[in-house]
Number of protein chains: 2
Amino acid sequence: MNTKIKNIKMYLESNNVNPTYHRIVIFQYMENSTRHPTAEQIYTDIKKEIPTISKTTVYNTLNSFVKNGIAEKLNIADSEVHYDIPDNGHDHFLCINCGKIYDIKPEYSKSNIEIKSIQGHKITQLHCYYKGICKSCRNDKK
Amino acid sequence: MNTKIKNIKMYLESNNVNPTYHRIVIFQYMENSTRHPTAEQIYTDIKKEIPTISKTTVYNTLNSFVKNGIAEKLNIADSEVHYDIPDNGHDHFLCINCGKIYDIKPEYSKSNIEIKSIQGHKITQLHCYYKGICKSCRNDKK
DNA sequence: TTTAAGGTTGTAATGAATACAAAAATAAAA
DNA sequence: TTTTATTTTTGTATTCATTACAACCTTAAA
Ligand SMILES: [Mn+2]
Ligand SMILES: [Mn+2]
Ligand SMILES: [Zn+2]
Ligand SMILES: [Zn+2]
């Protein structure tokens, strides 16, 4: 077992997630991914490594990650939920042409500003989503 | 026909939406609502006034409003899409206890700041969602 | 009054996410 | 070790929001 997995095990444990094989693999996949995958994408990809895995396990695992604060749901697209490992409170940009979701570097982020409450409501989360045409799609049209 | 409906007719026309009876009633309902209703809620309420209306008409109408920029989808909650009449680029607060969605006054809004592009991506929309416990729910617990 | 175009309706289909119970794996107790 | 309890995983069924589609209705031009 390499040190990365050992670290993941410890990380999951310290966040009240029992580090089973499936959960470690899913977390590792999430950490290495830059795509903000959907549950379906995670399932499809991890099936190559663990052909017996069930889609329910993917959903259960992701829900457990979210409940314990080590993964985040992105309600940025209309149909499916995307998942992310929250990291420095960065924002997201969705390309309405190709569907890709990009990270917005924290220095440009609106959501790393500390606000405790607004209009009497206690704030625990702030999500900022940009939408438009991504750099790559803009270049393609030229 | 009162002047309000006349104005709605003109407003829909000027936004490339043919002002049929159903569309006028739905738009009027949206304008008078502060609840950021879902398609289901709109359907249920308008059914009282127009018992023969179909849910498909509600969806068709809302999609047409969104396409023509006179209504906005809020992907703030996990399951259902909420709809809003965009107005001064205000933000939204979702109470994770009672589910109510509140408007955040433009002076506090993060989304009325003018940014044209970021990291090479052309921005056309910016959505900021706050989540937490609303004022009313906080008072109830005391 | 025909014809065409657009609008509405009801039902069927899609698809993401959850519910649930049986089977399997792991941990604790005897 | 064997037995028992707890947790995890799996497969299938179900739910529910949204869309697809075709028949029907309404309105306006021809
Ligand atoms: Mn991200
Ligand atoms: Mn609003
Ligand atoms: Zn793109
Ligand atoms: Zn509340």
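None of the values given here were measured: they were computed from a predicted structure.
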Margin query: Applying a 4.0 Å non-hydrogen cut-off, can you work out what B:N18 is touching in the nucleic acid: base, sugar-phosphate, or nothing?
Written below: sugar-phosphate
Item checked: d(NE2, B:H82; P, D:dT18) in whole Å -> 9 Å
Margin query: If the cut-off is 4.0 Å, is A:Y59 near the phosphate of C:dA17, judged by side-chain N/O to OP1 or OP2?
Written below: yes
Item checked: Value in whole Å for how far the P atom of C:dA17 lies from CD of A:E80 -> 6 Å
Check: Within the structure, does a side-chain N or O atom of A:N60 lie under 4.0 Å from either OP1 or OP2 of D:dT9?
Finding: no
Next item on the list: Go through the N and O atoms of the side chain of A:T56 and the base of D:dG11, and report whether any donor-acceptor pair is under 3.5 Å.
Entry: yes
Note to self: Looking at D:dT10, I'd like to know if its phosphate oxygens (OP1 or OP2) sit under 4.0 Å from a side-chain N or O belonging to A:T52.
What the structure shows: yes
Check: Heavy atoms under 4.0 Å, any strand shown: does B:N63 hit a base, just sugar-phosphate, or nothing?
Finding: sugar-phosphate
Check: Quick one: is C:dT9 close enough that its OP1 or OP2 comes under 4.0 Å of any side-chain N or O from B:T57?
Finding: yes
Notebook entry, point to check: Are OP1 or OP2 of C:dT8 and a side-chain N or O of B:H22 less than 4.0 angstrom apart?
Noted result: yes
Check: Between B:Y102 and B:Y130, does the ring centre distance come in under 6.0 Å?
Finding: no
Check: How long is the line joining CD of B:E40 and P of D:dT19, in whole Å?
Finding: 14 Å
Note to self: Both B:R23 and B:K47 contact DNA chain C. Taking the nearest nucleotide for each, which residue is further toward the 5' end?
What the structure shows: B:R23
Next item on the list: Answer yes if the side chains of A:Y129 and A:D91 hold a donor-acceptor pair under 3.5 Å, and no otherwise.
Entry: no
Check: So which of B:H36, B:H82, B:H127 actually passes ring-ring contact (aromatic ring centres under 6.0 Å, His included) with B:H92?
Finding: B:H36
Next item on the list: Nearest whole angstrom, please: distance from the P of D:dT18 to the CG of B:D78.
Entry: 13 Å
Next item on the list: Consider only side-chain N and O atoms of A:Y59 and A:K55, and report whether a donor and an acceptor are under 3.5 Å apart.
Entry: no
Next item on the list: Please report, rounded to the nearest Å, how far the P atom of D:dT8 is from the CG atom of A:N16.
Entry: 12 Å
